[in-house]
Amino acid sequence: QVQLAESGGGLVQTGGSLRLSCVASGRTFSTYSMAWFRQAPGKERAFVAAISWAVGSTLYADSVKGRFTISRDNAKNAVYLQMNSLKPEDTAVYYCAADQNSFSQLVRGGGDYWGQGTQVTISL
């Protein structure tokens, strides 16, 4: 069993930056691929970024490429999302997710474990 806890959300102006953190419980964190998703009001949850457990390969949604960076620190059981050049359309609740068996399943939204989310609001 893995529990995920996100933090770092908040209110920032357009063009600003935020760094989200997701800390996982459990001793096998390094064997889990991790991802970030977001859900804006009235919209379905959408993939943002993912990082594999084996070689740290990363994948990004087109809408965040070049602005967001996902990283992980296995010693701290943590995954991060550095968000730069934020736009109002980035406003959403951001969730982290974990999957031990399938990176592709994780990216498609089928992660085994999910956090409770952290609110990110970008003002004009």
Side-chain angles (χ1 to χ4, degrees):
Q1 188 77 3
V2 174
Q3 292 184 325
L4 305 174
E6 303 95 336
S7 63
L11 171 65
V12 297
Q13 292 184 329
T14 296
S17 297
L18 279 175
R19 188 193 193 210
L20 305 184
S21 299
C22 173
V23 177
S25 64
R27 292 176 290 180
T28 59
F29 173 79
S30 62
T31 65
Y32 283 80
S33 292
M34 303 295 297
W36 287 95
F37 287 76
R38 65 187 182 186
Q39 188 167 20
K43 295 186 178 181
E44 294 186 352
R45 188 166 56 192
F47 169 75
V48 175
I51 186 166
S52 69
W53 72 270
V55 296
S57 299
T58 58
L59 184 67
Y60 295 93
D62 288 342
S63 59
V64 306
K65 280 181 182 176
R67 301 189 298 123
F68 291 11
T69 302
I70 188 171
S71 61
R72 65 189 298 159
D73 185 339
N74 290 335
K76 295 182 178 180
N77 277 15
V79 63
Y80 306 102
L81 186 68
Q82 178 66 44
M83 306 187 296
N84 299 327
S85 302
L86 285 162
K87 305 174 182 179
E89 51 263 44
D90 294 319
T91 295
V93 177
Y94 283 71
Y95 300 89
C96 70
D99 196 285
Q100 195 173 32
N101 298 312
S102 173
F103 186 74
S104 59
Q105 174 178 286
L106 174 66
V107 169
R108 291 195 301 268
D112 291 333
Y113 303 101
W114 293 81
Q116 293 300 307
T118 185
Q119 176 71 48
V120 171
T121 304
I122 312 304
S123 64
L124 293 171

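None of the values given here were measured: they were computed from a predicted structure.
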How many angstroms lie between [atom1] in [X] and [atom2] in [Y], if you round to the nearest 0.5 Å?
{"X": "Tyr113", "Y": "Cys22", "atom1": "OH", "atom2": "SG", "answer": "13.5 Å"}
{"X": "Asp112", "Y": "Tyr32", "atom1": "CG", "atom2": "OH", "answer": "7.0 Å"}
{"X": "Phe68", "Y": "Ser17", "atom1": "CZ", "atom2": "OG", "answer": "9.5 Å"}
{"X": "Arg72", "Y": "Ser52", "atom1": "CZ", "atom2": "OG", "answer": "7.5 Å"}
{"X": "Gln13", "Y": "Ser123", "atom1": "CD", "atom2": "OG", "answer": "5.0 Å"}

Considering residues at least two apart in sequence or located in another chain, which fulfil the side chain to side chain donor-acceptor pair (under 3.5 Å) criterion with [X]?
{"X": "Ser102", "result": "Ser104"}
{"X": "Thr31", "result": "Gln100"}
{"X": "Arg108", "result": "none"}

Would a hydrophobic clustering, with Ile, Leu, Val, Met, Phe, Trp and Tyr connected at side-chain separations under 4.5 Å, put Val2 with Ile70?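 Yes; Ile70 is reachable from Val2 via cluster members.
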If hydrophobic clusters are built by linking Ile, Leu, Val, Met, Phe, Trp and Tyr wherever their side-chain heavy atoms come under 4.5 Å apart, do Tyr80 and Leu86 end up in the same one?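 No; tracing contacts between hydrophobic side chains, which count when under 4.5 Å, never links both residues.
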Contact between Asp99 and Phe103 at the side-chain level, heavy atoms closer than 4.5 Å - yes or no?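 The answer is no, as the side chains (C-beta and beyond) never meet within the 4.5 Å cut-off.
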Do Met83 and Leu20 come within less than 4.5 Å of each other through their side chains, counting heavy atoms only?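 In contact.
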Does [X] reach the main-chain N or O of [Y] with its side chain, forming a donor-acceptor pair under 3.5 Å?
{"X": "Thr118", "Y": "Glu6", "value": "no"}
{"X": "Asn77", "Y": "Ala24", "value": "yes"}
{"X": "Thr58", "Y": "Ile51", "value": "no"}

List the atom of [X], the atom of [Y], and the distance in Å for their closest heavy-atom pair.
{"X": "Val48", "Y": "Tyr94", "value": "CG2-CE2, 4.3 Å"}
{"X": "Val107", "Y": "Ala50", "value": "CG2-CB, 4.0 Å"}
{"X": "Ala98", "Y": "Leu4", "value": "N-CD1, 3.9 Å"}
{"X": "Trp53", "Y": "Ser33", "value": "N-OG, 3.2 Å"}
{"X": "Thr69", "Y": "Tyr60", "value": "CA-OH, 3.3 Å"}
{"X": "Ala49", "Y": "Leu81", "value": "CB-CD1, 4.2 Å"}

Just jot down the side chain to side chain contact (heavy atoms under 4.5 Å, CB included) partners of Ala61, sequence neighbours excluded, or say none.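 Side chain to side chain contact (heavy atoms under 4.5 Å, CB included) check on Ala61 returns Phe47, Ser63, Val64.
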For Gln119, side chain to side chain contact (heavy atoms under 4.5 Å, CB included) partners two or more places apart: Thr91, Val93, Thr121
Could you walk me through whether Val12 and Ile122 pass the side-chain contact (heavy atoms from CB on, under 4.5 Å) check? CA-CA 5 Å; Val12 297; Ile122 312 304; 3.3 Å; yes
Salt bridge (charged side-chain N to carboxylate O under 4.0 Å, His left out) pairs, two or more places apart, involving residues 82-97: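 For residues 82-97, and leaving out neighbouring residues, the salt bridge (charged side-chain N to carboxylate O under 4.0 Å, His left out) pairs sorted by first residue read Arg38-Asp90, Arg67-Asp90.
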If you draw a 6.0 Å radius around CD in Gln116, do more than 12 non-hydrogen atoms from other residues or ligands fall strictly inside?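 No, because the 6.0 Å sphere around CD of Gln116 holds 12 heavy atoms or fewer from other groups.
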Does the ring center of Trp114 lie less than 6.0 Å from the ring center of Phe37?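 Under 6.0 Å, so yes.
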